[in-house]
J.: 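One structure follows; several queries about it will come next.
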Amino acid sequence: MQKLAIQGGNRLNGEVRISGAKNAALPILCASLLSGDTLQLGNVPDMSDVATMCKLLQQMGVKIGKDGGQITLSAAHIDKLEAPYDMVKTMRAAILVLGPLVARFGEARVSLPGGCAIGSRPVDLHIKGLQAMGAEVHIEHGYIHAQAKRLKGARIFFDLVSVTGTENLMMAAALADGVTVLENAAREPEVVDLAHCLIAMGAKIEGVGSDTLTITGVDKLHGASHSVMPDRIESGTFLVAATAAGGNITLTDARADILENVLEKLHEAGATIKVSGSTINLQMSQRPKAVNVRTAPYPAFPTDMQAQFMALNCIAEGSAMVVETIFENRFMHVQELRRLGAQIDVEGNTAVIKGCAQLEGAAIMATDLRASASLVIAGLVAQGETIVDRIYHLDRGYEHIEAKLSALGAQIRRLK
Ligand code: EPZ
């Protein structure tokens with residue numbers, strides 16, 4: 001198990017380039033299944049979830065070429081319509097092959113993802129949507145077995161806003177016979193990026209960015225080239241780190257327009273933020289002020305930034321409330337932050353954090369992707385050395401994070 005050793009106390013200064021978004025790249029990689037032509041992708045981040053998804057697609061028969069951040073995918077000859085349990089259990093996003101496989105090949109066998117650290121993560125809305133489009137779906141031996149001669153357009157209302165649910169059904173609808181309307185659809189920027197890629201492939205989608213998507217199915221989709229959007233959660237993570245540690249950092253190849261809520265909260269915490277084009281500059285010279293956050297679907301405060309703001313509040317001036325409304329168990333970082341001396345009380349989905357002047361370094365353990373980011377931020381500001389264990393969680397969603405942080409002046413190294 002690899003670990004990170006962090007010496008706290010350094011301010012962060014300098015430039016950091018933001019990588020392509022994991023949560024846009026993963027559905028877009030699956031979109032390659034919708035056509036026999038080649039899909040050319042740029043700005044694909046180098047992280048383990050992307051590698052896992054490529055492996056899954058290759059074992060189905062997708063030919064994949066890699067050249068740095070450029071990936072070409074060709075699903076001309078698919079000979080396996082299955083996503084096996086051993087791959088799905090390590091990366092839930094594998095569920096995103098379900099819609100494309102049923103839409104183009106009329107069949108799919110995808111393992112139920114099962115739960116993960118942050119919650120039970122059901123996929124009932126994905127399945128209900130496919131059934132509404134005429135698919136026969138059976139759950140047997142832990143697998144979703146879906147079949148349809150040809151999916152038919154349908155009107156689907158999401159009881160809950162679901163990011164991958166919206167993405168799965170948007171991809172399925174792209175090749176269905178007739179018009180599909182997705183109501184109460186997710187508006188996350190990653191859903192928008194997928195829609196733009198599908199439109200480049202010839203899909204007919206209206207209402208992109210709104211909570212009602214109207215997709216008119218076509219018979220075939222063709223190849224395209226698409227550049228993956230910048231990762232707004234990686235951006236937010238670095239900005240929170242600099243707000244906590246102090247300093248002056250500039251994000252490049254970033255997008256501020258999809259981070260408004262996060263930037264507003266950092267401003268409230270006392271950071272000075274300047275945006276120009278694709279750069280975001282943040283300067284922080286004093287102790288941050290505590291900020292309340294409440295997670296909700298986009299454009300409200302993102303659940304993927306909740307753990308990072310909790311770390312910030314641990315050393316902020318004053319007390320703050322953090323309310324997690326999306327996942328039922330996304331406070332796994334609390335007990336690890338307490339090991340560093342944080343004062344956090346949890347009542348259901350609400351945490352109250354009383355900021356303390358100083359955290360003490362200690363050995364702690366990552367439990368899920370964004371929790372591990374929050375532990376790294378806490379380690380950057382804790383006195384002495386913090387060892388973060390099980391950082392494979394971190395490697396799933398951040399590209400070379402310790403190299404990027406070291407380049408900003410953090411004292412952080414990976415222990416083999
Ligand atoms: C996506 O997960 C992201 N993952 C998550 O990012 C992110 O936290 C989440 O959206 C919310 O923004 C990817 O895009 C690969 P949901 P997803 O379906 O799609 C319930 C990270 O750290 N629900 O929007 O799985 C569900 O239990 C990861 O990068 C159902 O009940 O999340 C949750 O309470 C973590 N039935 C809520 O909806 C369903 O069929 C939102 O889940 C689907 C979801």
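For ligands, and for the atoms within them, numbers begin at 1 and follow the listed sequence.
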J.: Just which atoms of ligand 1 are under 4.0 Å from any heavy atom in Leu160?
T.: 20 (C), 30 (C), 31 (O), 38 (O)
J.: Of all the atoms in ligand 1, which lie at a distance below 4.0 Å from a heavy atom belonging to Val123?
T.: 39 (C), 40 (O)
J.: Can you tell which part of Val161 has a heavy atom less than 4.0 Å from ligand 1: side chain, backbone, both or neither?
T.: backbone
J.: Check each heavy atom of Lys22 against ligand 1 and say whether those closer than 4.0 Å belong to the side chain, the backbone, both or neither.
T.: side chain
J.: Give the atoms of ligand 1, by number and element, whose distance to some non-hydrogen atom of Ser162 is under 4.0 Å.
T.: 16 (P), 18 (O), 24 (O), 43 (C), 44 (C)
J.: Any ion pair linking Glu183 and Arg155 (charged N to carboxylate O, less than 4.0 Å)?
T.: yes
J.: Check each of Lys404, Arg370, Glu234 against Tyr398 using the side chain to side chain donor-acceptor pair (under 3.5 Å) test, and report the only one that passes.
T.: Arg370
J.: How does Thr303 reach ligand 1, by side chain, by backbone, by both or by neither, if only non-hydrogen atoms under 4.0 Å count?
T.: side chain
J.: Got a sec, which residues hit side chain to side chain donor-acceptor pair (under 3.5 Å) with Glu328, two or more places apart in sequence or on another chain?
T.: Ser120
J.: Is it true that Lys22 and Asp304 have a side-chain N and a carboxylate O under 4.0 angstrom from each other?
T.: no
J.: State plainly whether the residues Asp211 and Arg187 are in salt-bridge range, i.e. N to O under 4.0 Å.
T.: no
J.: Less than 3.5 Å between some nitrogen or oxygen of Leu125 and one of ligand 1, yes or no?
T.: yes
J.: Any salt bridge between Lys220 and Asp37, counting N to O under 4.0 Å?
T.: no
J.: Assess Arg330 for proximity to ligand 1: is some non-hydrogen atom of it under 4.0 Å away?
T.: yes
J.: Just to confirm my output: which protein heavy-atom neighbour is closest to atom 22 (O) of ligand 1, and how far is it?
T.: Arg370 NE, 2.9 Å
J.: Pick one of side chain, backbone, both or neither for how Thr164 approaches ligand 1, counting any non-hydrogen atom pair under 4.0 Å.
T.: both
J.: If we set the cut-off at 4.0 Å for heavy atoms, which region of Asp304 has an atom near ligand 1: side chain, backbone, both, or neither?
T.: side chain
J.: So, His226 versus Asp193: side-chain donor-acceptor pair below 3.5 Å or not?
T.: yes
J.: Counting from 1, what ligand 1 atoms have a heavy atom of Arg121 closer than 4.0 Å?
T.: 2 (O), 17 (P), 25 (O)
J.: Ligand 1 versus Val163, non-hydrogen atoms closer than 4.0 Å: side chain, backbone, both, neither?
T.: both
J.: Please could you name the atoms of ligand 1 that His126 approaches to less than 4.0 Å, counting only its heavy atoms?
T.: 40 (O)
J.: Going by atom type alone, with no hydrogens or angles, which donor-acceptor pairs under 3.5 Å involve a side-chain atom of residues 61-88 and a protein atom two or more places apart or on another chain?
T.:
{"residue": "Glu82", "atom": "OE1", "partner": "Arg109", "partner atom": "NE", "Å": "3.3"}

J.: Contact between ligand 1 and Pro122 is defined here as a heavy atom of the residue under 4.0 Å from a ligand atom; is it met?
T.: yes
J.: Does ligand 1 come near enough to Glu328 that some N or O of the ligand is less than 3.5 Å from an N or O of the residue?
T.: no
J.: Any carboxylate oxygen within less than 4.0 angstrom of a Lys/Arg side-chain nitrogen, looking at Asp253 and Arg17?
T.: yes
J.: Return a yes/no value for Ile118: is any of its N or O atoms, backbone included, closer than 3.5 angstrom to an N or O of ligand 1?
T.: no
J.: Looking at Glu402 and Arg414, is any side-chain nitrogen of the basic one under 4.0 Å from a carboxylate oxygen of the acidic one?
T.: yes
